[in-house]
Amino acid sequence: MTAPLLSLLLLFTLPFGTLLIWTAGGSATPDRARWIALGAALVDLALTLAVVAGFDPGKDGFQFVERTAWIPSLNLHYHVGVDGLSVLFLPLTVVLFLGVILSSWNSVRLMPRLYYTLVLLLEHLILGVFCALDTILFFLFWEMTLLPIYFLIGFWGVGPRRRYAAVKYTLFMLAGGVPLLLAFVLLAFHQDPTAGTDLVFDYPTLLAAPLAGSGQTLLFFLLLLGFAVKVPVFPLHTWLPTLAMEGTPSVAALMTGLKLGAYGLLRFLIPLAPTAAQEYHWLLAGLGVAGLLYGALLALVQTNLRRMLAYASLSHVGLVVLGLSSGDLPGLQGALFQLLNFTVVAGGLFLLTGFLHHRTGSTDLIDLGGAATTMPLLAASFLLLGLASLGLPGTSGFPAEFLILVSVLEHHTGAGLAALTAMGGGAAYCLGMFRRAFLGPVRSRVIQAAEDLRPREMLVALVLGALVLLPGFFPGLILDLTRQSAESWVRTLTVICP
């Protein structure tokens, strides 16, 4: 019998860790809370690595499946499992949260026990999003992420309008949740009369019997609207730069690194509405191109590192949407590779920016300049992740972007040329921002007195660097693990939409 690793991950370590945070001593100092949070996250990492080690990439379908009746009268189940499209998100998510905990080590003084409790809660809810195989269970995990994010932004944000940013983000996500829930209810009531049940929320069952005709078109647009807010796609992106400026850099790292909306497109939108996805592939391609170009242009004119990274994230996720619009194997594997890449690169860049902000109190270019003189390790780490975001050969960004471009140029040549243009703009804004922030003479006494990365921060930078270089030189580590599930994904579209 297989150990219930996913249930241990989702249901055991969270209450155990939070209970220790609130009961291990009555002191409100951050020392105990942060060590307990770090220990709980390390246990989570061990469990996710055990899942990856036990995962058989040669098998089709979901593995580590657990299914228990939840609300029998509505045919709802606690149903979890992973396949090649989701399994790698588990350890990378925990790695990013470990980076968040370590980056907050000395900066969180306000209510530390509540802060680390919310961080652990958010981690487990996001892991639940990647594991859920019941649509309502997925929706529950999806919507509950709003609670910790709201308080993490509102209480620990660094900007004067942090509460406004928290409310704006929450309202945007609640608005996106309405069409998402409607889509799942529509799916539940669509039912083969011979199946013998009234409601179907089971994802594998729904995957095998997609809606037909106008019902699928309605489902496509409901799911697209629900996920587009979280991706985000242009013009539903305005919460992202606000959050990047007002929230803590660690929360911004989670929002830019973990593209749950793009994962929703990959997991639910295209497989559950395959005919409509093929019919409206031009719409997905158009949204991808709009995000690519708009994000790149806005990033070029920014004078703040955090805002630049927010618009760069918008541009890069547009490339993922563009890759998914092709509906073929290179496009899917490239998009999936890039989503995994975001966790390390986009999230890591915000963590490093947080290190810089903690030392200088600002990420405005007018207050920086010459930072590489006093902080060479921080500058080198930022440059490495920045080059990975540009798709430099030898980094994890190259195989991801190459696969997407090969696919897009075959299916949407004009969009592919637009993507190449945006990638050129990406080099301009990334290298230009690095030059102005880190190179040149030191202009500020704060920069002159700043210290370089501490051992704890250096550990974060080294892990991120290794995760960028290893898949860059050996992309087969990811492509081989995801290939079987990716082929099944593409085969389903081919069979339904020959």
Side-chain angles (χ1 to χ4, degrees), residues 52 55 57-58 83-93 95-96 256-259 262-263 265-266 288 291-292 296 312-313 315-349 381 383-412 415-427 430-431 463-490:
V52 175
F55 185 82
D83 63 355
L85 304 183
S86 59
V87 65
L88 289 176
F89 284 105
L90 303 186
L92 288 180
T93 296
V95 166
L96 183 57
T256 56
L258 298 169
K259 294 297 186 184
Y263 174 78
L265 298 180
L266 182 155
L292 262 170
S313 173
S315 180
H316 288 136
V317 81
L319 188 62
V320 171
V321 177
L322 193 53
L324 291 175
S325 71
S326 66
D328 63 2
L329 185 62
L332 172 63
Q333 284 203 295
L336 180 60
F337 206 134
Q338 188 74 317
L339 287 179
L340 295 168
N341 204 31
F342 282 148
T343 309
V344 177
V345 175
L349 283 170
S381 301
L383 180 61
L384 174 60
L385 295 189
L387 293 175
S389 73
L390 301 180
L392 183 75
T395 66
S396 57
F398 176 73
E401 292 190 0
F402 180 75
L403 285 167
I404 293 174
L405 285 173
V406 167
S407 174
V408 171
L409 287 171
E410 179 181 354
H411 296 276
H412 307 98
L417 295 176
L420 288 171
T421 303
M423 291 167 67
C430 183
L431 296 178
V463 171
L464 293 173
L467 291 175
V468 160
L469 294 175
L470 191 62
F473 284 104
F474 304 100
L477 294 173
I478 290 178
L479 297 178
D480 292 344
L481 190 65
T482 62
R483 185 175 185 84
Q484 184 67 37
S485 294
E487 288 178 345
S488 178
W489 188 91
V490 173

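Scope of the values below: all heavy atoms of this structure, side chains included, with no hydrogens, waters or symmetry mates. Along the sequence shown, residues are numbered consecutively beginning with 1.
Here the side chain of Ser325 pairs a donor or acceptor atom with the backbone of Leu322 at under 3.5 angstrom. Proximity of a side-chain donor or acceptor of Thr421 to a complementary backbone N or O of Leu417 within less than 3.5 Å is detected. Here the side chain of Ser389 pairs a donor or acceptor atom with the backbone of Gly386 at under 3.5 angstrom.
Taking CG from Leu319 and CG from Leu405, the interatomic distance works out to 6.0 Å, rounded to the nearest 0.5 Å. Atom CG of Leu387 is separated from atom SG of Cys430 by 6.5 Å, given to the nearest 0.5 angstrom. Rounding to the nearest 0.5 Å places CZ of Arg483 at 13.0 Å from CG of Leu336. Note that CG of Leu385 is 8.5 Å distant from OG of Ser396, once rounded to the nearest 0.5 Å. One finds the CG atom of Leu266 at 9.5 Å from the OG atom of Ser86 (value rounded to the nearest 0.5 Å). Interatomic distance, Asn341 CG to Glu401 CD, rounded to the nearest 0.5 Å: 8.0 Å.
Side-chain atoms of Leu384 and Leu469, non-hydrogen and from C-beta on, do get closer than 4.5 Å to each other.
Taking the six-membered ring for Trp and thresholds of 30 and 60 degrees, Phe342 and His316 have ring planes inclined between 30 and 60 degrees apart.
Applying the ring pair (Phe, Tyr, Trp, His ring centres under 6.0 Å) rule to Phe337 yields no partners; only residues at least two apart in sequence or on another chain are considered.
Side-chain contact, Thr256 with Ser313: no donor N or O sits under 3.5 Å from an acceptor N or O. A donor and an acceptor atom, one from each side chain of Gln333 and Thr482, are located under 3.5 Å apart.
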